[in-house]
Amino acid sequence: MNIIRPKIYINEVRTKHGKIACSSSELDLGVTLKGGQSFRWFDHDDGYRGVFDGCVWTLTQNDTHLSYTVQGPLVDYKNYDKILSDYFRLDVCLHDLCKKWIASDQHFKKSLNKTNGVRILNQDVVENVFSFICSSNNNIQRISGMVQKLCTLFSEKICSIEGKDYYSFPSIEALASTDVENKLREEKFGYRAGYIANTAKHLVQLGGKEWLSNLHKENNASYVDARKQLVTLPGVGPKVADCICLMSLGHLEAIPVDTHIFQIAKASYLPHLKQYKTVTPKIHEEIGNYLRELWGPSAGWAQALVFCAKINDVTACTTSRNKRERTKES
DNA sequence: TACAAACCTTCTCT
DNA sequence: AAGAGAAGGTTTG
């Protein structure tokens, strides 16, 4: 007997184009997408292509506009302009923030001269928890490869574009399934394999994604409490917790104190810390509190700008650059 | 409470 | 050519 069902294309791949007014001084796609906040964006022609909100986005910009193509299982009721605008927090005026930071911090302008248009991305919290667990003692290139591996091993294909497959980020449940740690060990995740598997299992026990979402500022969680909860997860210490708070829980006062911010703090703000070689929890606390006082309620955003100015400072890394180019030529 | 040392792997520089 | 040192840290003793 033939059962006739209406055809429903649940996973039909569709494409939509759009354009949002946004000046290039408010947003620099390159430093924002590839400065170490997200690990899922890659160069594509004169723009960038990556995955978020379960779709593949291709972004370009000019002086006045941000243009996008979004591909995947698109649905009619969603406003993709708004989804992209929310991702970049385009409702926040970076220019106004910078004016305040220049006024309160005599060192800030130097950073701004090197880099502008850094925005704090509003990312998915599950993706951020596991991505930043991968980030410990690691570099951006390798982290990106590991995040990609998590997606292909434990999640689903969104669609295929120009012969390349794109995947969504795995669910907590998928990462909590059997044998995840061993599989990740085989993929050279090292000691992070155990952190990922155990954090996933831990999160399932706590209530999954909902538990994480309840730490969001919009759900009335405080920064201090969100951070306190996050560091109970294996592989999540103060720095990773601050990354999660800042980039996916709306706590813009969170300041991840990594080795670069530690160097900057010693050089320009807290010279008495020069005697210390590594960031201890106490020093993390001291630097965070000092910079929050200096930069105000969006201090984490200022931190991101200062951080990007440092790592993108060409004058500070001429040696390795010259060496690379010389090797290529010969 | 406060430090080291260990932890996995990759890449770079010497 | 081989090995130390660092890479946007966390855990353990």
Side-chain angles (χ1 to χ4, degrees), chain A residues 31-41 111 115 118 120-121 123 128-150 180-199 202 227-228 230-248 254-267 273 275-288 291 300-313 316-328 330:
Chain A
V31 288
T32 300
L33 296 175
K34 298 188 74 186
Q37 290 191 60
S38 173
F39 304 99
R40 300 211 63 193
W41 291 94
S111 296
T115 307
V118 181
I120 296 295
L121 295 171
Q123 301 184 81
N128 253 12
V129 165
F130 293 103
S131 296
F132 281 98
I133 285 175
C134 292
S135 78
S136 73
N137 227 325
N138 213 343
N139 57 70
I140 293 178
Q141 192 190 344
R142 184 173 166 224
I143 300 163
S144 301
M146 290 164 76
V147 170
Q148 176 68 18
K149 206 74 208 182
L150 287 178
V180 166
E181 176 169 355
N182 288 331
K183 286 176 187 160
L184 293 178
R185 288 268 172 191
E186 285 172 25
E187 298 295 340
K188 315 292 182 190
F189 274 56
Y191 58 85
R192 302 165 197 85
Y195 292 162
I196 289 167
N198 292 327
T199 281
H202 200 123
R227 191 176 194 268
K228 202 168 95 187
L230 287 171
V231 296
T232 65
L233 301 171
V236 178
K239 191 271 179 183
V240 168
D242 275 333
C243 288
I244 298 164
C245 281
L246 175 63
M247 301 165 200
S248 55
I255 298 191
V257 179
D258 62 5
T259 163
H260 296 282
I261 293 298
F262 183 44
Q263 302 305 323
I264 292 166
K266 286 193 285 191
L273 295 180
Q275 59 181 301
Y276 300 105
K277 200 180 164 288
T278 55
V279 181
T280 64
K282 194 180 159 189
I283 291 174
H284 190 121
E285 210 54 18
E286 182 178 349
I287 295 175
L291 293 176
W301 199 319
Q303 168 276 339
L305 208 147
V306 168
F307 174 86
C308 287
K310 180 172 187 278
I311 64 166
N312 293 326
D313 189 354
C317 56
T318 0
T319 329
S320 56
R321 174 179 295 257
N322 287 347
K323 188 122 192 181
R324 259 201 306 281
E325 278 163 15
R326 254 183 276 135
T327 317
K328 252 183 200 169
S330 57

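Order of the sequence lines sets the chain letters (A, B, ...), proteins ahead of strands, with each chain counted from 1.
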Participant: Could you state the atom-to-atom distance from CD1 of Ile261(A) to P of dA7(C) in whole Å?
Facilitator: 14 Å
Participant: Select one nucleotide: of dG8(C), dA2(B), dG9(C), the one nearest the side-chain heavy atoms of Lys282(A).
Facilitator: dA2(B)
Participant: For Arg227(A) and dG9(C), what is the distance between atoms CZ and C1' respectively, to the nearest whole Å?
Facilitator: 13 Å
Participant: Please report, rounded to the nearest Å, how far the C1' atom of dG9(C) is from the CG atom of Asp242(A).
Facilitator: 13 Å
Participant: Can you tell me, in whole Å, how much space there is between the P of dC8(B) and that of dG13(C)?
Facilitator: 13 Å
Participant: Go through the structure and list residues passing ring pair (Phe, Tyr, Trp, His ring centres under 6.0 Å) with Phe132(A), not counting sequence neighbours.
Facilitator: Phe39(A)
Participant: Determine the interatomic distance between P on dA1(C) and the same-named atom on dT9(B); round to the nearest Å.
Facilitator: 25 Å
Participant: What is the distance, to the nearest angstrom, from the NE2 atom on His284(A) to the P atom on dA2(B)?
Facilitator: 15 Å
Participant: Ala265(A): what forms a side-chain contact (heavy atoms from CB on, under 4.5 Å) with it, not counting sequence neighbours?
Facilitator: Ile287(A)
Participant: Going by an N to O cut-off under 4.0 Å, is there a salt bridge joining Glu181(A) and Arg185(A)?
Facilitator: yes
Participant: Select base, sugar-phosphate, or nothing to describe what Gln37(A) touches, counting heavy atoms under 4.0 Å on all strands.
Facilitator: base
Participant: Is there a donor and acceptor pair closer than 3.5 Å between the side chain of Lys239(A) and the base of dG8(C)?
Facilitator: yes
Participant: Please tell me if the side chains of Asp242(A) and Val257(A) come closer than 4.5 Å, counting only heavy atoms from C-beta onward.
Facilitator: no
Participant: Using whole Å, report how far CG of Asn137(A) lies from C1' of dC11(B).
Facilitator: 13 Å
Participant: Apply side-chain contact (heavy atoms from CB on, under 4.5 Å) to residues Lys239(A) and Val279(A) and explain how you reach the verdict.
Facilitator: CA-CA 10 Å; Lys239(A) 191 271 179 183; Val279(A) 181; over 6 Å; no
Participant: How close do Val31(A) and Cys308(A) get, heavy atom to heavy atom, and via which atoms?
Facilitator: O-SG, 4.2 Å
Participant: Taking any heavy-atom pair under 4.0 Å as a contact, classify Pro238(A): base, sugar-phosphate, or nothing.
Facilitator: sugar-phosphate
Participant: Which residues pass the ring pair (Phe, Tyr, Trp, His ring centres under 6.0 Å) test with His284(A), sequence neighbours left out?
Facilitator: none
Participant: Which heavy-atom pair separates Asn137(A) from Tyr191(A) by the least distance, and what is that distance?
Facilitator: CB-OH, 3.3 Å
Participant: May I ask you to check whether over 12 heavy atoms, not counting those of Lys188(A), lie within 6.0 Å of atom NZ?
Facilitator: no
Participant: Can you tell me how far C1' in dA2(B) sits from the matching atom in dT11(C), rounded to whole Å?
Facilitator: 14 Å
Participant: Counting the atoms with a prime plus P, OP1 and OP2 as sugar-phosphate, which does Phe132(A) contact under 4.0 Å by heavy atoms, base, sugar-phosphate, or nothing?
Facilitator: nothing
Participant: If we only count heavy atoms from C-beta on, is the Val147(A) to Arg40(A) side-chain gap below 4.5 Å?
Facilitator: yes
Participant: Can you name the ring pair (Phe, Tyr, Trp, His ring centres under 6.0 Å) partners of Tyr276(A), sequence neighbours left out?
Facilitator: none
Participant: What's Val236(A) touching, base or sugar-phosphate or nothing? Going by heavy atoms closer than 4.0 Å.
Facilitator: sugar-phosphate
Participant: Mind calculating the distance between CG (Leu246(A)) and P (dG8(C)) to the nearest angstrom?
Facilitator: 17 Å
Participant: In whole angstrom, give me the gap between the C1' atoms of dA7(C) and dC3(B).
Facilitator: 22 Å
Participant: Base, sugar-phosphate or nothing for Gly36(A)? Non-hydrogen atoms, less than 4.0 Å.
Facilitator: base
Participant: Out of dT10(C), dC3(B), dG8(C), which nucleotide sits closest to the side chain of Val240(A)?
Facilitator: dT10(C)
Participant: Using Watson-Crick and G-U wobble pairs with both distances under 3.5 Å, what is the 5'-to-3' dot-bracket string of DNA chain C, with [ ] for crossing pairs and | for pairs outside the strand?
Facilitator: .||||||.|||||
Participant: Check the distance between dT12(B)'s P and Ile140(A)'s CD1 and give it to me in whole angstrom.
Facilitator: 14 Å
Participant: Check DNA chain B against residues 187-196 of chain A and give the residues with a non-hydrogen atom under 4.0 Å, in numerical order.
Facilitator: Lys188(A), Gly190(A), Tyr191(A), Arg192(A)
Participant: What is the distance from CD1 of Ile311(A) to C1' of dA7(C), rounded to the nearest Å?
Facilitator: 12 Å
Participant: Donor-acceptor pair under 3.5 Å: do we get one between Arg142(A)'s side chain and the base of dT9(B)?
Facilitator: yes
Participant: In whole angstrom, give me the gap between the P atoms of dA6(C) and dA4(B).
Facilitator: 15 Å
Participant: Using a heavy-atom cut-off of 4.0 Å across all strands, would you classify Leu184(A) as base, sugar-phosphate, or nothing?
Facilitator: nothing
